[in-house]
Amino acid sequence: MKLLFGNKKNDLLSLLKKQDPAAQKIFYEQNVKRFLSVSKSYVSDLYQAEDCLIKAFCKILSTLKASEESRTWKAGQEELL
């Protein structure tokens, strides 16, 4: 899915707030490596790190609807990890 709008971050954010599955997939693919490396720094076992990663993505996506400010978006992701 291509986002053909002016500001891609805000467009992705608005689609994520609407719980669009394609936007969730894009968000996952953009951040999975970074989030997994953070998870592995806390948990030595790869399978437990992947479990933490999935829980973090679910928590981010479920709390996203409550978040209204896009400026705290990136900081909020890292806080949840």
Mind checking the [atom1]-[atom2] spacing from [X] to [Y]? Nearest 0.5 Å is all I need.
X	Y	atom1	atom2	value
Asp20	Leu12	CG	CG	9.0 Å
Ile54	Phe35	CD1	CZ	11.5 Å
Leu15	Ile26	CG	CD1	8.0 Å
Ile60	Asn31	CD1	CG	7.5 Å

Item checked: Aromatic ring proximity, centroids under 6.0 angstrom, Phe57 and Phe27 -> yes

Next item on the list: Please report the closest heavy-atom contact between Gln19 and Gln24, naming both atoms and the distance.
Entry: CA-NE2, 3.7 Å

Notebook entry, point to check: Would Leu64 and Leu13 count as a side chain to side chain contact (heavy atoms under 4.5 Å, CB included) if you check the C-alpha gap in whole Å, the side-chain angles of each, and the deciding distance to 0.1 Å?
Noted result: CA-CA 9 Å; Leu64 189 61; Leu13 182 61; 3.6 Å; yes

Margin query: For residues 42-54, which residue pairs pass the salt bridge (Lys or Arg N to Asp or Glu O under 4.0 Å) check, not counting sequence neighbours?
Written below: Asp51-Lys55

Note to self: Going by side chain to side chain contact (heavy atoms under 4.5 Å, CB included), name the residues that satisfy it together with Lys40, two or more places apart in sequence or in a different chain.
What the structure shows: Leu36, Leu46, Ala49

